[in-house]
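So you know, we letter chains A, B, ... as the sequences are listed, proteins then strands, and number each from 1.
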There are 2 protein chains.
Amino acid sequence: MTNNKTTIADRVFDTLCTAIVEGEIAAGSKISEPELAKRLEVSRASLREAIGRLEACSLVTRKANIGARVVSLSKEKLLEIYHVREALEGMAARLAAQNITAEEITQLQQLLKRHTDEVNQADGASYFQRSGDLDFHYHIVQSSHNERLISLLCNDLYHLMRMYRYQFGRVSQRAFPALDEHSYVVSAIADGDGEMAELLMRNHIRRSRRNIEQMMATDQE
Amino acid sequence: MTNNKTTIADRVFDTLCTAIVEGEIAAGSKISEPELAKRLEVSRASLREAIGRLEACSLVTRKANIGARVVSLSKEKLLEIYHVREALEGMAARLAAQNITAEEITQLQQLLKRHTDEVNQADGASYFQRSGDLDFHYHIVQSSHNERLISLLCNDLYHLMRMYRYQFGRVSQRAFPALDEHSYVVSAIADGDGEMAELLMRNHIRRSRRNIEQMMATDQE
DNA sequence: CAACGGAATATTGTCGACATATTAAAATAA
DNA sequence: TTATTTTAATATGTCGACAATATTCCGTTG
């Protein structure tokens, strides 16, 4: 029963957020307030409010008197995010092991099973990497019951991570190993072993990062 | 040679930021836009822009059609921040060990020496805890050379940490041990031992957290 | 007297217009 | 022609006013 009142700025934020994440508004491109306001049929005030929130979750950057532009993506920035995620989600797993509820454990195990079925059925194909993986991490973070951690990972960094996945988006060949790693993390959390849960989660994310580093290196660029 | 153009919203943000951090505007209190705008002699538009940035660094919270209020402080929230810092600054120390420059090492050692002198001279008194400690952590984070980590710790969380220190602000008895812990961290970083640097930094922050937990427990509340 | 409902008040959200800074274009000088 | 300065055009920052929502106050009803 949270605050559901929706304002124009809210809708504009949602619209622009998905447009940016999905690349409809190109990464690195400048945002023209008059043009966008006209196109979306809203006032510049509402648009500017929305842009401010986009800046808060690092989807755009603003300079005084110059304006806003969509964040530009780079290998280096992506790897930086992975370092942050390794630290933050490692801690989230540790705290989840301490604070998770019985219902949440059940939900997590069901989610894991669902993902397993989907990956097996699709022979390791895209769905898992596209949204399932983020789902899993999302649930673990929620189970930490640390509001600040949740806010950082599920509000501030979440959209940016989706943006990279969407636009840099080769689907990794790690679907099966990643699934195993997920199940180990869940086991440690269910056992209440925070130390182990953190270790396993960190290793999982570190492997993802190294996998990306490798792919980026073999690609030109 | 960064963007130094200063706008009204910038000044208002700075003003409100320090006012909130120092408790001049009470924690938990509501922010009235008409009143504040009149008092600061700016338009509501500029004020709202500033409030949006305050929200981005968690100094105020906003609800649609209801308004903004200064964040309320609590023991639980403070401990949550310490968990986040343990994870993030631990990673920062690890990365600093890998990426720090020779000049930065020298500066860090000089900072450490200065703090040692000050604490010895003041017999473990307040200066160190008030700003010196944050200074030290600030420098380590900068030396990680991870822009996202720097932004999270030195922009997003920085003011909130200052606010807690300012308002919850008993000066800990840990000045001397904390100083030792700092020097160990610096040694590990200077040795390029990221694993050790992270471990030491995490232990350091965890001890601070436990110290606070204890003091909070012995205090009523 | 308490609880409920409605009018009056105040606050936030949104808008269009103006002020100021930046960028693009035109004009001049080398 | 190229470079530099001046001028025009465009974009962002700021403002005051209006609309929509929330809060307060007050009278009614049980």
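The pair A:Glu33-A:Arg39 does not meet the salt-bridge criterion, since no charged nitrogen lies less than 4.0 angstrom from a carboxylate oxygen.
Distance, B:Lys38 NZ to D:dT14 C1': 20 Å, rounded to whole Å. Regarding B:Phe13, its CZ atom lies at a distance of 16 Å from the P atom of D:dG13, rounded to whole Å. Taking atom CZ on A:Arg69 and atom C1' on D:dT12, their separation rounds to 14 Å, with Å as the unit. Atom CD in B:Glu55 sits roughly 14 Å away from atom C1' in C:dT12 (whole-Å rounding).
If you check every strand for non-hydrogen atoms under 4.0 Å, A:Ile31 touches sugar and phosphate atoms only.
Atoms CD and CD, from A:Glu76 and A:Glu80 in turn, are 8.5 Å apart once rounded to the nearest 0.5 Å.
The side chain of B:Lys30 places no N or O atom within less than 4.0 Å of a non-bridging phosphate oxygen (OP1 or OP2) of C:dA10.
Between A:His137 and A:His204, the two ring planes are parallel [angle under 30°; tilted spans 30° to 60°]. Using bins of under 30°, 30° to 60° and over 60° for the plane-to-plane angle, the ring pair B:His159/B:Phe13 lands in the perpendicular bin.
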Got a list of protein N/O to nucleotides 13-23 of chain C N/O distances below 3.5 Å?
unit_1 : atom_1 : unit_2  : atom_2 : d
C:dG13 : OP1    : B:Asn65 : N      : 3.1
C:dG13 : OP2    : B:Arg48 : NH1    : 2.5
C:dG13 : OP2    : B:Arg48 : NH2    : 3.1
C:dG13 : O3'    : A:Thr7  : OG1    : 2.9
C:dG13 : N7     : B:Arg44 : NH2    : 2.9
C:dG13 : O6     : B:Arg44 : NH1    : 2.9
C:dT14 : OP1    : A:Thr7  : OG1    : 2.3
C:dT14 : OP1    : A:Ile8  : N      : 2.4
C:dT14 : OP2    : A:Thr7  : OG1    : 2.7
C:dC15 : OP2    : A:Ser43 : N      : 2.8
C:dC15 : OP2    : A:Ser43 : OG     : 2.6
C:dC15 : OP2    : A:Ser46 : OG     : 3.0

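Figure legend: B:Arg162 and B:Tyr166 shown without cation-pi pairing, the cationic atom not lying both under 6.0 angstrom from the six-membered ring centre and within 45 degrees of its axis.
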Could you walk me through whether B:Ser46 and B:Glu49 pass the side-chain hydrogen bond (donor to acceptor under 3.5 Å, both in side chains) check? CA-CA 5 Å; B:Ser46 300; B:Glu49 167 74 28; over 6 Å; no
